[in-house]
Amino acid sequence: MAFMLVLLLIIVFYKLFISRDLLHPFLYFLIPWVLVLGTSVLDLYAISGQISSLAVEIVCVGLFAFIIGASILPKTIGQTLSEHFHLTNPTQLRTGLLKVIIIFSAAFNLYMAFLTMQYIGSGISYAFVRDLIYSYSESGATYFQSKLALNLYNLFDVPFTYIVMPLIIINLFKPILPRYLKYLAILSVASYVFASGGRLIILFAAFQVVAILGYYKQSIPWRKYILAFVVGGVLLILVGVTTLYRAKQETIGSAAVNPAYAYFNIVMPILSRWTQDVSVSGVQGHGLAFFNGFMQLLDLVLNKIGYALTHYESIAMTLTMPQNNWLQIYPGKWYNAFSSLFYDFYVDFRIPGVVVGSFIFGLLSKFLYLLVKFSTHERFLLPYLVLVEVMAGSFMRWQLGTYTFLSAFLVAFFVIKGIKKQSFGEEIRQ
């Protein structure tokens, strides 16, 4: 594990300070894993006994496979695509789709903000409100009082909000949104963060700011760099504030653990526990875990007409075990989720599944990176920023294995226009 940590540090250092490529997928995938492995090697709270050799093997193999997948495509692919396609200028938005995304998310998130204020006003703690949203409440209480609101939240609001955030980041550096949509977009994300207590979208936004700096680096005036640092600082403050207000009352004898440290340090113990359970149970997804984002929607539709995908639903239960069950990692401290994307790949085909899944993800990341890097147009920038969210969240779970992120990723391709294939006649004239 220490060797892998050193390798990752070398790659990240090279990309940041030698090639200075702030857009490369290595940064957004590997930096979180530097923190995961770094906290595990430091082992400040003596939890190394909870880390299995299988988990270490899975992580090392998966990281190697991603690195190979994200290295194998040559730059000439991006150059070739840029030669055969021309892009309209200026940037053209699909305004109808954009209005639906921003206006719906703003309205629904504002509704959630008022709902959260009602709960807090009735004496419910902010931390418990978050438990209601994510179905962590042991009492069975729910945040939404109707299935319609719950379905709108899961099917549309969350995916739309994760598209709106990178749109705001793009608009900071190149104004592409009409003024009223810009303010509605900010209102949408602010309401979502307050209503849900979510820090994930803030963490992703910080990574997206860095990616935007890498994309526009040749044309950004110094004022924009100052703006980027200010935005980054505000995002970090927001993370701290939501952490403070989300904190639950400590039990006697609980370890005093820094929350930021814990979120990276708990990954290896949680992965160890649940991969051990999967190995003992013998369950295998055979690709259903990798494509779980599609399967979630298909299963929902089929259930509405009375048909159940029994085998898939048993796999889905296995995939949600880390989410629905809490483990004591430190004395008096219980955590869930954070089983990483490698858990899903392991459920499919064990170690070969980790290798293939990670390699394909690396390949996809590099391909989209090349499309973005070798074009001077934002056509592929928005989906790449959504993919940055997926890469940065890889230590938590396989984000493209959820309907939320998969739908956000796919819809992002249609928000910005701009790619038109050259006709044969045009190529001859050139």
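Any value given below was found using the heavy atoms of this structure, including those in side chains, with hydrogens, waters and symmetry copies removed.
Phe409 and Phe413 have their aromatic ring centers within a separation under 6.0 angstrom. Between Trp398 and Phe361, the ring centre distance stays below 6.0 Å. For Trp326 and Tyr335, the gap between ring centers reaches or exceeds 6.0 Å. Under the 6.0 Å cut-off for aromatic ring centres, Tyr343 and Tyr346 do not qualify, their centroids lying 6.0 Å or more apart.
Side-chain contact of Asn292 with Tyr403: a donor-acceptor pair under 3.5 Å is absent, judged by distance alone. With hydrogens and angles left out, the side-chain atoms of Tyr153 and Asn109 include no donor and acceptor closer than 3.5 Å. Inspection of the Tyr162 and Gln399 side chains reveals no N or O donor paired with an N or O acceptor under 3.5 Å. Between the side chains of Ser105 and Asp157, no donor N or O sits under 3.5 Å from an acceptor N or O. In the model, Thr116 has no side-chain atom that pairs as donor or acceptor with a side-chain atom of Tyr126 under 3.5 Å.
Exactly one of Phe66, Phe342, Phe264 qualifies for a ring-ring contact (aromatic ring centres under 6.0 Å, His included) with Trp33. That residue is Phe342. Residue Tyr119 forms a ring-ring contact (aromatic ring centres under 6.0 Å, His included) with just one option from Phe114, Phe144, Tyr143, and that option is Tyr143.
Proximity of Leu8 to Ile67: side-chain heavy atoms (C-beta onward) are separated by under 4.5 Å at one or more points. Taking 4.5 Å as the limit, every side-chain heavy atom of Gln284 sits out of range of all side-chain heavy atoms of Asp348. With a 4.5 Å cut-off on side-chain heavy atoms, Ile168 and Val189 count as touching. Between Glu389 and Pro166, some side-chain heavy-atom pair lies under the 4.5 Å cut-off. Looking only at side-chain heavy atoms (C-beta outward), Met396 and Leu200 come within less than 4.5 Å of each other. Put simply, the side chain of Asp277 does not reach to within 4.5 Å of the side chain of Thr318, judged on heavy atoms. In this structure the side chain of Leu382 reaches within 4.5 angstrom of the side chain of Ile163, judged on heavy atoms. Met391 places none of its side-chain heavy atoms less than 4.5 Å from the side chain of Leu27.
Between Ser188 atom OG and Met112 atom CE the span is 10.5 Å, to the nearest 0.5 Å. For the atom pair Leu16 CG and Ile31 CD1, the distance stands at 5.5 Å (nearest 0.5 Å). Here the straight-line distance linking atom NE2 of His24 with atom CD1 of Ile11 works out to 9.5 Å at 0.5 Å rounding. For the atom pair Leu400 CG and Leu410 CG, the distance stands at 8.5 Å (nearest 0.5 Å). Distance check, rounded to the nearest 0.5 Å: CG of Leu309 to CG of Asp299 gives 5.0 Å. Atom CD1 of Ile169 is separated from atom CE of Met165 by 4.0 Å, given to the nearest 0.5 angstrom.
Nearest heavy atom pair, residue His311 against residue Leu288, reads CD2-CD1, 3.6 Å. Nearest approach of Leu177 to Leu167, heavy atoms of both residues: CD1-O, 4.3 Å. For Ile72 against Leu363, the heavy-atom pair with the smallest separation is CG2-CD1, 3.2 Å. The shortest non-hydrogen separation linking Gln328 to Trp334 is N-CE3, 3.4 Å. Of all non-hydrogen atoms in Ile58 and Val354, the two that sit nearest each other are O-CG1, 3.6 Å. Nearest heavy atom pair, residue Pro269 against residue Ile329, reads CB-CD1, 3.9 Å.
Counting only distance, with no hydrogens or angles, the side chain of Tyr369 and the backbone of Leu364 share no donor-acceptor pair below 3.5 Å. With hydrogens and angles disregarded, a donor-acceptor distance shorter than 3.5 Å links the side chain of Arg94 to the backbone of Phe414. The backbone N or O of Gln323 sits less than 3.5 Å from a side-chain atom of Asn336, completing a donor-acceptor pair.
No more than 12 heavy atoms of other residues, nucleotides or ligands sit less than 6.0 Å from atom OH of Tyr14. The 12-atom threshold is not exceeded at CZ of Phe291, counting heavy atoms of other residues, nucleotides or ligands nearer than 6.0 Å. Within 6.0 Å of the CE atom in Met317, the count of heavy atoms belonging to other residues, nucleotides or ligands does not exceed 12.
The aromatic rings of His286 and Phe349 lie perpendicular to each other, with more than 60° between the two planes, well past the 30° mark. Ring pair Phe17/Phe13 is tilted by interplanar angle, where 30° to 60° counts as tilted.
Taking the side chain to side chain donor-acceptor pair (under 3.5 Å) definition, one finds that Trp274 meets it with nothing, sequence neighbours left out.
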Residue pair Glu378, Tyr216: steps toward the side chain to side chain donor-acceptor pair (under 3.5 Å) verdict
CA-CA 10 Å; Glu378 289 81 4; Tyr216 288 120; 2.5 Å; yes
